[in-house]
Amino acid sequence: MPKYNPQKDMPDPSGKVILVTGGTAGLGEKTILTPAAHSPTRILFTRRSAAKAETLTNTLHTQFPTTTSTFIATDLTSPSSTQASAKRILALLTKLHILICNVGIHSGTNSLSHALLIKLLLPLTLTTAKQASADVRIVLLTSKGYAFHPSGGTLAVLLYARELAKRYGRQGTGLVGNLGWGQQAFITGTNAGRI
């Protein structure tokens with residue numbers, strides 16, 4: 001089976017607006033830099049530390065000058081900070097194509113804040129999904145380090161992702177909705193009991 005290479009296998013993000021949480025180091029930083037190389041319209045990212053974000057912002061401006069990048073200070077251990085950030089994001093955007101929640105190996109509180117952020121931004125993603133040729137996605141990432149974390153936060157992320165897919169999986173992505181009836185039946189049948 002061929003290995004996925006994001007540099008050449010990634011769907012074209014040009015013209016898209018992307019939001020990544022926890023995006024100033026490690027997995028989050030790579031999650032921002034990879035699509036930035038393919039010219040999305042805008043990338044927003046969150047993190048607690050403005051100092052760490054400054055380095056990434058400078059990298060984005062230098063390496064990808066055609067992509068607008070915006071840092072939004074967010075403490076995902078605080079529901080009130082998460083809610084304030086969602087309000088700021090909604091004030092800045094009229095569309096959101098890709099929401100990537102980088103949960104890492106954090107606690108259940110962090111998982112709840114991501115669920116809150118998704119809930120608050122969901123109306124914007126659903127509105128975006130109704131636009132012509134929109135391809136809207138909500139992606140939840142976690143680290144392999146979850147296996148060593150006692151909180152169960154990653155289980156919450158998996159269950160939440162499953163419920164999102166069940167409720168909204170066919171809206172706007174085209175992954176299933178644009179397939180023929182036979183292909184839809186195959187996808188539904190092979191995933192029965194999973195989502």
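Computation of the quantities below employed the complete heavy-atom set of this structure, encompassing side-chain atoms and omitting hydrogens, waters and symmetry-equivalent molecules.
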Hey, what do you get for [atom1] ([X]) to [atom2] ([Y]), rounding to the nearest 0.5 Å?
X: Arg47; Y: Ile72; atom1: CZ; atom2: CD1; value: 15.0 Å
X: Thr127; Y: Leu121; atom1: OG1; atom2: CG; value: 11.5 Å
X: Ile43; Y: Thr67; atom1: CD1; atom2: OG1; value: 6.0 Å
X: Ser69; Y: Ile18; atom1: OG; atom2: CD1; value: 12.0 Å

Can you sort out the partners of [X] under side-chain hydrogen bond (donor to acceptor under 3.5 Å, both in side chains), two or more places apart, ordered by chain and number?
X: Thr70; result: Arg42
X: Thr74; result: Ser85
X: Thr21; result: His114

Is the closest side-chain heavy-atom distance between [X] and [Y] below 4.5 Å?
X: Leu56; Y: Leu33; value: yes
X: Thr46; Y: Leu117; value: no
X: Leu124; Y: Leu90; value: yes

Using the test side chain to side chain contact (heavy atoms under 4.5 Å, CB included), find all partners of [X] that sit at least two apart in sequence or belong to another chain.
X: Ser14; value: Asp12
X: Ser49; value: Ala51, Lys52
X: Ser39; value: Thr66
X: Leu122; value: Thr125, Leu126, Ile138, Tyr168

Please table the atom pairs, donor to acceptor, closer than 3.5 Å between any side-chain atom in residues 91-100 and protein atoms at least two apart or in another chain.
unit_1 : atom_1 : unit_2 : atom_2 : d
His97  : ND1    : Val17  : N      : 3.0

Problem set entry | Non-hydrogen atoms of Pro35 and Pro40 that approach each other most closely |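 Where Pro35 meets Pro40 most closely, the heavy atoms are O-CD, 3.0 Å.
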Seminar exercise, completed: For Leu116 and Pro79 the tightest heavy-atom approach is CD2-O, 3.6 Å
Exercise. Which pairs pass ring pair (Phe, Tyr, Trp, His ring centres under 6.0 Å) with one or both residues in residues 33-88, sequence neighbours excluded?
Worked result: Phe45-Phe71
Problem set entry | Verdict with supporting geometry, Thr31 and Asn102, side chain to side chain contact (heavy atoms under 4.5 Å, CB included) | CA-CA 9 Å; Thr31 303; Asn102 179 23; 5.7 Å; no
For this session: Verify the neighbour count for atom CD of Gln63: are there more than 12 heavy atoms of other residues, nucleotides or ligands below 6.0 Å?
Result: yes
